[in-house]
Number of protein chains: 2
Amino acid sequence: MDTAQHHPDLGMLTGQLMRALQNELFETLAEQGHPDVRPRHGSVLAFLDAEGVRATDLAARTGQHKQIIGTIVDELVSLGYVRREPDPADRRAKRIVPTEHGLDEIAKARAILATIEQRLERTLGEQRFAAFREALQEVTGHQQAWRESRQVVD
Amino acid sequence: MDTAQHHPDLGMLTGQLMRALQNELFETLAEQGHPDVRPRHGSVLAFLDAEGVRATDLAARTGQHKQIIGTIVDELVSLGYVRREPDPADRRAKRIVPTEHGLDEIAKARAILATIEQRLERTLGEQRFAAFREALQEVTGHQQAWRESRQVVD
DNA sequence: GAAACTAGTCACGATGCTTGACTATCAAGG
DNA sequence: CCTTGATAGTCAAGCATCGTGACTAGTTTC
(Lines give C-alpha, C1' and ligand atoms only; values in the text may rest on other atoms or scores of the structure.)
Protein backbone atom coordinates (compact mmCIF):
# COMPACT_ATOMS: atom_id res chain seq x y z
CA MET A 1 0.00 0.00 0.00
CA ASP A 2 1.80 3.08 -1.19
CA THR A 3 1.83 6.44 0.46
CA ALA A 4 3.76 9.61 0.94
CA GLN A 5 4.96 10.44 4.37
CA HIS A 6 3.18 13.78 4.64
CA HIS A 7 -0.04 12.00 5.45
CA PRO A 8 -0.34 8.23 5.58
CA ASP A 9 -2.80 6.76 3.09
CA LEU A 10 -5.91 4.84 3.98
CA GLY A 11 -4.41 1.48 3.19
CA MET A 12 -1.45 1.96 5.50
CA LEU A 13 -3.65 3.26 8.27
CA THR A 14 -6.17 0.45 8.10
CA GLY A 15 -3.39 -2.11 7.91
CA GLN A 16 -1.66 -0.74 10.97
CA LEU A 17 -4.91 -0.53 12.88
CA MET A 18 -5.81 -4.09 12.04
CA ARG A 19 -2.44 -5.39 13.16
CA ALA A 20 -2.62 -3.41 16.41
CA LEU A 21 -6.12 -4.68 17.18
CA GLN A 22 -5.14 -8.24 16.39
CA ASN A 23 -2.07 -8.05 18.60
CA GLU A 24 -4.01 -6.81 21.58
CA LEU A 25 -6.83 -9.31 21.12
CA PHE A 26 -4.61 -12.36 20.92
CA GLU A 27 -2.18 -11.25 23.61
CA THR A 28 -5.06 -10.72 26.00
CA LEU A 29 -6.68 -14.01 25.03
CA ALA A 30 -3.38 -15.73 25.78
CA GLU A 31 -3.36 -14.18 29.25
CA GLN A 32 -6.94 -15.32 29.82
CA GLY A 33 -6.35 -19.00 29.22
CA HIS A 34 -6.35 -19.22 25.42
CA PRO A 35 -2.70 -19.04 24.43
CA ASP A 36 -3.09 -21.28 21.40
CA VAL A 37 -5.74 -19.55 19.34
CA ARG A 38 -4.33 -17.67 16.38
CA PRO A 39 -5.83 -14.94 14.22
CA ARG A 40 -7.02 -17.25 11.48
CA HIS A 41 -9.10 -19.21 13.98
CA GLY A 42 -11.33 -16.18 14.27
CA SER A 43 -12.78 -16.98 10.85
CA VAL A 44 -14.40 -20.01 12.41
CA LEU A 45 -14.91 -19.13 16.07
CA ALA A 46 -16.41 -15.74 15.37
CA PHE A 47 -19.32 -17.20 13.43
CA LEU A 48 -20.27 -20.19 15.53
CA ASP A 49 -23.43 -20.64 17.48
CA ALA A 50 -24.50 -23.33 19.91
CA GLU A 51 -26.38 -25.37 17.25
CA GLY A 52 -23.36 -25.55 14.98
CA VAL A 53 -22.62 -24.17 11.53
CA ARG A 54 -21.63 -25.97 8.36
CA ALA A 55 -18.14 -25.44 6.97
CA THR A 56 -19.46 -24.16 3.66
CA ASP A 57 -21.48 -21.49 5.41
CA LEU A 58 -18.40 -20.38 7.29
CA ALA A 59 -16.47 -20.21 4.03
CA ALA A 60 -19.16 -18.09 2.46
CA ARG A 61 -19.41 -15.71 5.41
CA THR A 62 -15.69 -15.16 5.80
CA GLY A 63 -14.89 -15.15 2.09
CA GLN A 64 -12.29 -17.84 2.58
CA HIS A 65 -11.90 -21.14 0.76
CA LYS A 66 -13.40 -24.35 2.04
CA GLN A 67 -9.95 -25.86 2.41
CA ILE A 68 -8.78 -23.16 4.76
CA ILE A 69 -11.89 -23.56 6.89
CA GLY A 70 -11.21 -27.27 6.93
CA THR A 71 -7.69 -26.93 8.25
CA ILE A 72 -8.75 -24.30 10.78
CA VAL A 73 -11.43 -26.66 12.07
CA ASP A 74 -8.84 -29.45 12.25
CA GLU A 75 -6.68 -27.26 14.46
CA LEU A 76 -9.57 -26.14 16.62
CA VAL A 77 -10.69 -29.75 17.08
CA SER A 78 -7.24 -30.82 18.25
CA LEU A 79 -7.11 -27.79 20.57
CA GLY A 80 -10.48 -28.70 22.04
CA TYR A 81 -12.44 -25.65 20.87
CA VAL A 82 -14.92 -27.32 18.52
CA ARG A 83 -16.38 -30.69 17.55
CA ARG A 84 -17.53 -32.02 14.19
CA GLU A 85 -21.02 -33.48 14.36
CA PRO A 86 -22.97 -35.06 11.50
CA ASP A 87 -25.68 -32.86 10.07
CA PRO A 88 -28.98 -34.73 10.49
CA ALA A 89 -30.44 -33.01 7.42
CA ASP A 90 -27.57 -33.75 5.02
CA ARG A 91 -25.32 -36.76 5.27
CA ARG A 92 -22.57 -35.02 3.30
CA ALA A 93 -22.37 -32.14 5.74
CA LYS A 94 -21.01 -31.79 9.25
CA ARG A 95 -21.88 -29.18 11.82
CA ILE A 96 -19.05 -27.35 13.56
CA VAL A 97 -20.12 -27.09 17.19
CA PRO A 98 -18.23 -25.16 19.89
CA THR A 99 -17.22 -27.00 23.05
CA GLU A 100 -17.30 -25.44 26.52
CA HIS A 101 -13.76 -24.26 25.96
CA GLY A 102 -14.78 -22.80 22.61
CA LEU A 103 -17.74 -20.96 24.08
CA ASP A 104 -15.44 -19.50 26.70
CA GLU A 105 -13.04 -18.25 24.04
CA ILE A 106 -15.86 -16.70 22.04
CA ALA A 107 -17.20 -14.87 25.07
CA LYS A 108 -13.78 -13.62 26.10
CA ALA A 109 -12.87 -12.48 22.60
CA ARG A 110 -16.06 -10.44 22.41
CA ALA A 111 -15.42 -8.94 25.82
CA ILE A 112 -11.89 -7.94 24.86
CA LEU A 113 -13.04 -6.29 21.66
CA ALA A 114 -15.76 -4.49 23.57
CA THR A 115 -13.15 -3.22 26.02
CA ILE A 116 -10.98 -1.95 23.19
CA GLU A 117 -13.90 -0.14 21.65
CA GLN A 118 -14.78 1.41 24.97
CA ARG A 119 -11.25 2.67 25.41
CA LEU A 120 -11.28 4.20 21.96
CA GLU A 121 -14.68 5.70 22.71
CA ARG A 122 -13.26 7.45 25.76
CA THR A 123 -10.31 8.69 23.74
CA LEU A 124 -12.29 10.13 20.86
CA GLY A 125 -15.44 11.03 22.68
CA GLU A 126 -18.71 9.26 22.33
CA GLN A 127 -19.99 11.22 19.35
CA ARG A 128 -16.80 11.15 17.33
CA PHE A 129 -16.36 7.43 17.93
CA ALA A 130 -19.91 6.66 16.88
CA ALA A 131 -19.42 8.72 13.73
CA PHE A 132 -16.12 6.99 13.07
CA ARG A 133 -17.64 3.56 13.44
CA GLU A 134 -20.53 4.37 11.17
CA ALA A 135 -18.27 5.90 8.55
CA LEU A 136 -15.92 2.93 8.68
CA GLN A 137 -18.79 0.58 8.04
CA GLU A 138 -20.06 2.70 5.18
CA VAL A 139 -16.65 3.14 3.61
CA THR A 140 -15.97 -0.58 3.78
CA GLY A 141 -19.29 -1.40 2.23
CA HIS A 142 -18.87 1.09 -0.59
CA GLN A 143 -15.35 0.01 -1.34
CA GLN A 144 -16.35 -3.64 -1.49
CA ALA A 145 -19.37 -2.86 -3.64
CA TRP A 146 -17.26 -0.87 -6.06
CA ARG A 147 -14.83 -3.76 -6.36
CA GLU A 148 -17.57 -6.24 -7.14
CA SER A 149 -19.05 -3.95 -9.75
CA ARG A 150 -15.74 -4.07 -11.59
CA GLN A 151 -15.56 -7.85 -11.44
CA VAL A 152 -18.53 -8.02 -13.76
CA VAL A 153 -16.88 -5.79 -16.34
CA ASP A 154 -13.72 -7.87 -16.56
CA MET B 1 -10.52 -11.42 14.60
CA ASP B 2 -13.65 -12.52 16.34
CA THR B 3 -17.03 -10.91 16.05
CA ALA B 4 -20.72 -11.42 16.36
CA GLN B 5 -22.82 -10.99 13.30
CA HIS B 6 -25.12 -8.36 14.75
CA HIS B 7 -22.55 -5.68 14.11
CA PRO B 8 -19.14 -6.45 12.70
CA ASP B 9 -16.26 -5.62 15.02
CA LEU B 10 -13.50 -3.17 14.27
CA GLY B 11 -11.00 -5.83 13.38
CA MET B 12 -13.21 -7.42 10.75
CA LEU B 13 -14.13 -4.05 9.30
CA THR B 14 -10.59 -2.76 9.04
CA GLY B 15 -9.45 -6.04 7.59
CA GLN B 16 -12.12 -6.00 4.92
CA LEU B 17 -11.44 -2.38 4.09
CA MET B 18 -7.74 -2.98 3.77
CA ARG B 19 -8.25 -5.92 1.45
CA ALA B 20 -10.70 -3.97 -0.69
CA LEU B 21 -8.36 -0.98 -0.98
CA GLN B 22 -5.42 -3.21 -1.77
CA ASN B 23 -7.35 -5.07 -4.44
CA GLU B 24 -8.39 -1.91 -6.21
CA LEU B 25 -4.94 -0.36 -6.02
CA PHE B 26 -3.08 -3.32 -7.42
CA GLU B 27 -5.66 -4.20 -10.05
CA THR B 28 -5.53 -0.66 -11.35
CA LEU B 29 -1.74 -0.57 -11.21
CA ALA B 30 -1.70 -3.77 -13.25
CA GLU B 31 -3.89 -2.14 -15.89
CA GLN B 32 -1.58 0.89 -15.96
CA GLY B 33 1.59 -1.00 -16.81
CA HIS B 34 2.67 -2.35 -13.43
CA PRO B 35 1.31 -5.90 -13.30
CA ASP B 36 4.15 -7.28 -11.21
CA VAL B 37 4.16 -5.10 -8.12
CA ARG B 38 2.62 -6.76 -5.11
CA PRO B 39 1.29 -5.31 -1.88
CA ARG B 40 4.43 -5.91 0.14
CA HIS B 41 6.44 -3.82 -2.34
CA GLY B 42 4.56 -0.80 -1.08
CA SER B 43 6.62 -0.88 2.10
CA VAL B 44 9.58 0.16 0.03
CA LEU B 45 8.14 2.10 -2.90
CA ALA B 46 5.87 4.24 -0.76
CA PHE B 47 8.76 5.76 1.16
CA LEU B 48 11.31 6.38 -1.56
CA ASP B 49 12.47 9.73 -2.80
CA ALA B 50 14.73 10.66 -5.70
CA GLU B 51 17.89 10.84 -3.55
CA GLY B 52 17.39 7.33 -2.18
CA VAL B 53 16.66 5.96 1.26
CA ARG B 54 18.61 3.49 3.35
CA ALA B 55 17.09 0.07 4.04
CA THR B 56 17.23 0.56 7.79
CA ASP B 57 15.23 3.77 7.53
CA LEU B 58 12.61 1.94 5.48
CA ALA B 59 12.47 -0.79 8.11
CA ALA B 60 11.98 1.76 10.86
CA ARG B 61 9.27 3.66 9.01
CA THR B 62 7.24 0.63 7.98
CA GLY B 63 7.76 -1.30 11.21
CA GLN B 64 9.03 -4.28 9.27
CA HIS B 65 12.25 -6.18 9.78
CA LYS B 66 15.42 -5.38 7.88
CA GLN B 67 15.38 -8.82 6.32
CA ILE B 68 11.98 -8.34 4.77
CA ILE B 69 12.99 -4.97 3.37
CA GLY B 70 16.05 -6.68 1.93
CA THR B 71 14.08 -9.30 0.07
CA ILE B 72 11.57 -6.74 -1.15
CA VAL B 73 14.40 -4.63 -2.53
CA ASP B 74 15.83 -7.73 -4.22
CA GLU B 75 12.54 -8.27 -5.98
CA LEU B 76 12.16 -4.63 -6.95
CA VAL B 77 15.70 -4.58 -8.35
CA SER B 78 15.03 -7.60 -10.54
CA LEU B 79 11.75 -6.02 -11.67
CA GLY B 80 13.53 -2.80 -12.57
CA TYR B 81 11.85 -0.52 -10.05
CA VAL B 82 14.84 0.43 -7.90
CA ARG B 83 18.64 0.40 -7.82
CA ARG B 84 21.05 -0.09 -4.93
CA GLU B 85 23.67 2.63 -4.82
CA PRO B 86 26.49 2.94 -2.32
CA ASP B 87 25.92 5.56 0.36
CA PRO B 88 28.77 8.08 0.06
CA ALA B 89 28.48 8.91 3.76
CA ASP B 90 28.61 5.33 5.08
CA ARG B 91 30.35 2.49 3.32
CA ARG B 92 28.22 -0.11 5.10
CA ALA B 93 25.01 1.38 3.81
CA LYS B 94 23.34 1.45 0.41
CA ARG B 95 20.76 3.87 -0.84
CA ILE B 96 17.64 2.48 -2.45
CA VAL B 97 16.97 4.72 -5.44
CA PRO B 98 13.90 4.51 -7.69
CA THR B 99 14.42 4.08 -11.43
CA GLU B 100 12.26 5.81 -14.04
CA HIS B 101 9.94 2.84 -13.93
CA GLY B 102 9.83 3.06 -10.15
CA LEU B 103 9.03 6.76 -10.18
CA ASP B 104 6.21 6.04 -12.62
CA GLU B 105 4.77 3.40 -10.30
CA ILE B 106 4.98 5.71 -7.31
CA ALA B 107 3.19 8.50 -9.13
CA LYS B 108 0.47 6.20 -10.41
CA ALA B 109 -0.07 4.54 -7.03
CA ARG B 110 -0.55 7.93 -5.41
CA ALA B 111 -2.95 9.01 -8.12
CA ILE B 112 -5.02 5.86 -7.72
CA LEU B 113 -5.23 6.25 -3.96
CA ALA B 114 -6.18 9.89 -4.39
CA THR B 115 -8.95 8.83 -6.75
CA ILE B 116 -10.25 6.30 -4.25
CA GLU B 117 -10.25 8.87 -1.49
CA GLN B 118 -12.08 11.34 -3.70
CA ARG B 119 -14.73 8.77 -4.47
CA LEU B 120 -15.20 8.02 -0.79
CA GLU B 121 -15.30 11.73 -0.09
CA ARG B 122 -18.16 12.15 -2.52
CA THR B 123 -19.96 9.21 -0.96
CA LEU B 124 -19.69 10.35 2.63
CA GLY B 125 -19.61 14.07 2.10
CA GLU B 126 -16.61 16.25 2.58
CA GLN B 127 -17.07 16.86 6.28
CA ARG B 128 -17.81 13.29 7.30
CA PHE B 129 -14.91 11.99 5.26
CA ALA B 130 -12.49 14.47 6.80
CA ALA B 131 -13.72 13.51 10.26
CA PHE B 132 -13.41 9.84 9.41
CA ARG B 133 -9.87 10.22 8.18
CA GLU B 134 -8.81 12.16 11.23
CA ALA B 135 -10.47 9.72 13.59
CA LEU B 136 -8.87 6.76 11.80
CA GLN B 137 -5.45 8.31 12.20
CA GLU B 138 -6.08 9.03 15.87
CA VAL B 139 -7.50 5.59 16.60
CA THR B 140 -4.56 3.91 14.91
CA GLY B 141 -2.09 6.00 16.83
CA HIS B 142 -3.76 5.38 20.16
CA GLN B 143 -4.07 1.67 19.57
CA GLN B 144 -0.42 1.37 18.63
CA ALA B 145 0.67 3.49 21.57
CA TRP B 146 -1.35 1.37 23.95
CA ARG B 147 0.28 -1.76 22.59
CA GLU B 148 3.76 -0.38 23.08
CA SER B 149 2.98 0.71 26.61
CA ARG B 150 2.17 -2.92 27.45
CA GLN B 151 5.39 -4.20 25.89
CA VAL B 152 7.33 -2.48 28.68
CA VAL B 153 5.31 -4.21 31.37
CA ASP B 154 5.95 -7.69 30.03
C1' DG C 1 43.53 0.92 18.72
C1' DA C 2 39.97 -2.06 21.37
C1' DA C 3 35.14 -2.54 22.42
C1' DA C 4 30.54 -1.64 21.41
C1' DC C 5 27.43 -0.61 17.98
C1' DT C 6 25.15 -0.45 13.31
C1' DA C 7 24.01 -1.75 8.07
C1' DG C 8 22.94 -5.30 5.44
C1' DT C 9 22.66 -10.22 4.31
C1' DC C 10 22.05 -15.50 4.70
C1' DA C 11 19.48 -19.31 6.28
C1' DC C 12 15.70 -21.57 8.41
C1' DG C 13 11.10 -22.17 10.03
C1' DA C 14 6.22 -20.88 10.95
C1' DT C 15 2.11 -19.22 9.07
C1' DG C 16 -1.33 -18.48 5.73
C1' DC C 17 -3.53 -18.49 1.11
C1' DT C 18 -4.33 -20.58 -3.70
C1' DT C 19 -5.27 -24.21 -6.83
C1' DG C 20 -6.61 -28.62 -8.63
C1' DA C 21 -8.36 -32.97 -7.97
C1' DC C 22 -11.03 -36.52 -5.57
C1' DT C 23 -15.02 -39.15 -2.83
C1' DA C 24 -19.50 -39.22 -0.99
C1' DT C 25 -23.95 -37.40 -1.11
C1' DC C 26 -27.88 -34.83 -2.76
C1' DA C 27 -31.26 -33.03 -6.29
C1' DA C 28 -33.68 -32.70 -10.77
C1' DG C 29 -35.30 -34.65 -15.23
C1' DG C 30 -36.44 -38.33 -18.05
C1' DC D 1 -35.90 -45.76 -10.67
C1' DC D 2 -31.62 -43.97 -12.58
C1' DT D 3 -28.77 -40.93 -14.95
C1' DT D 4 -26.78 -36.31 -14.90
C1' DG D 5 -25.16 -32.47 -12.67
C1' DA D 6 -24.35 -29.91 -8.52
C1' DT D 7 -22.72 -29.70 -3.61
C1' DA D 8 -20.06 -30.92 1.11
C1' DG D 9 -15.93 -31.97 2.65
C1' DT D 10 -11.09 -33.61 2.22
C1' DC D 11 -6.18 -34.53 0.31
C1' DA D 12 -2.13 -32.66 -1.55
C1' DA D 13 1.22 -29.67 -3.47
C1' DG D 14 2.91 -25.00 -4.14
C1' DC D 15 3.51 -20.08 -3.39
C1' DA D 16 3.75 -15.85 -0.58
C1' DT D 17 4.65 -13.57 3.58
C1' DC D 18 6.57 -12.80 8.01
C1' DG D 19 9.60 -13.88 12.20
C1' DT D 20 14.08 -15.11 14.44
C1' DG D 21 18.96 -15.98 15.01
C1' DA D 22 23.40 -15.62 13.38
C1' DC D 23 26.98 -13.65 10.54
C1' DT D 24 30.21 -10.10 7.89
C1' DA D 25 31.73 -5.61 7.07
C1' DG D 26 32.06 -1.10 8.44
C1' DT D 27 31.56 2.70 12.02
C1' DT D 28 31.66 5.11 16.46
C1' DT D 29 33.25 5.77 21.18
C1' DC D 30 36.45 5.91 24.64
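Excluded from the calculations below are hydrogen atoms, water molecules and symmetry mates; all remaining heavy atoms, backbone and side chain alike, are included. In this text the structure is predicted, and so the values were computed from the model without any measurement. A note on names: the letters A, B, ... follow the listed sequences, proteins ahead of strands, and every chain is numbered from 1.
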- Query: Is B:Arg61 salt-bridged to B:Asp57, going by a charged N under 4.0 Å from an acidic O?
  - Reply: no
Which whole-number value in Å describes the distance from [X] [atom1] to [N] [atom2]?
X: B:Ile68; N: C:dG13; atom1: CD1; atom2: P; answer: 18 Å
X: A:Lys66; N: C:dG20; atom1: NZ; atom2: P; answer: 13 Å
X: B:Arg95; N: C:dG8; atom1: CZ; atom2: C1'; answer: 15 Å
X: A:Leu58; N: D:dA8; atom1: CG; atom2: P; answer: 12 Å
X: B:Asp90; N: C:dA7; atom1: CG; atom2: C1'; answer: 7 Å
X: A:Gln64; N: C:dT18; atom1: CD; atom2: P; answer: 8 Å
X: A:Asp74; N: C:dT15; atom1: CG; atom2: C1'; answer: 16 Å
X: A:Arg19; N: C:dT15; atom1: CZ; atom2: P; answer: 18 Å

Using a cut-off of strictly less than 4.0 Å, decide whether [X] has a side-chain nitrogen or oxygen near OP1 or OP2 of [N].
X: A:Arg91; N: C:dT25; answer: no
X: B:Thr56; N: C:dG8; answer: yes
X: B:Arg40; N: D:dC18; answer: yes
X: B:Lys94; N: C:dT9; answer: yes
X: A:His65; N: C:dC17; answer: no

- Query: Nearest nucleotide by nearest heavy atom, which residue falls closer to the 5' end of DNA chain C, A:Ile72 or A:Arg92?
  - Reply: A:Ile72
- Query: Can a donor-acceptor pair be found between the side chains of A:Gln64 and A:Ser43 at a distance below 3.5 Å?
  - Reply: yes
- Task: Have a look at A:Asp87 and say if it touches a base, only the backbone sugar-phosphate, or nothing, with a 4.0 Å heavy-atom cut-off.
- Result: nothing
- Query: Across the strands shown, which category fits B:Arg84 at heavy-atom distances under 4.0 angstrom: base, sugar-phosphate, nothing?
  - Reply: sugar-phosphate
- Message: Is it the case that C:dG16 (base atoms only) and A:Gln67 (side chain only) share a donor and an acceptor within less than 3.5 Å, ignoring hydrogens and angles?
- Response: no
- Message: I'd like to know if the side chain of A:His142 and the backbone of A:Val139 have a donor-acceptor N/O pair within less than 3.5 Å.
- Response: no
- Shortest non-hydrogen contact from A:Leu79 toward A:His101: O-ND1, 3.9 Å
- So among A:His34, A:Glu100, A:Glu75, which one has a side chain to side chain donor-acceptor pair (under 3.5 Å) with A:Tyr81? A:His34
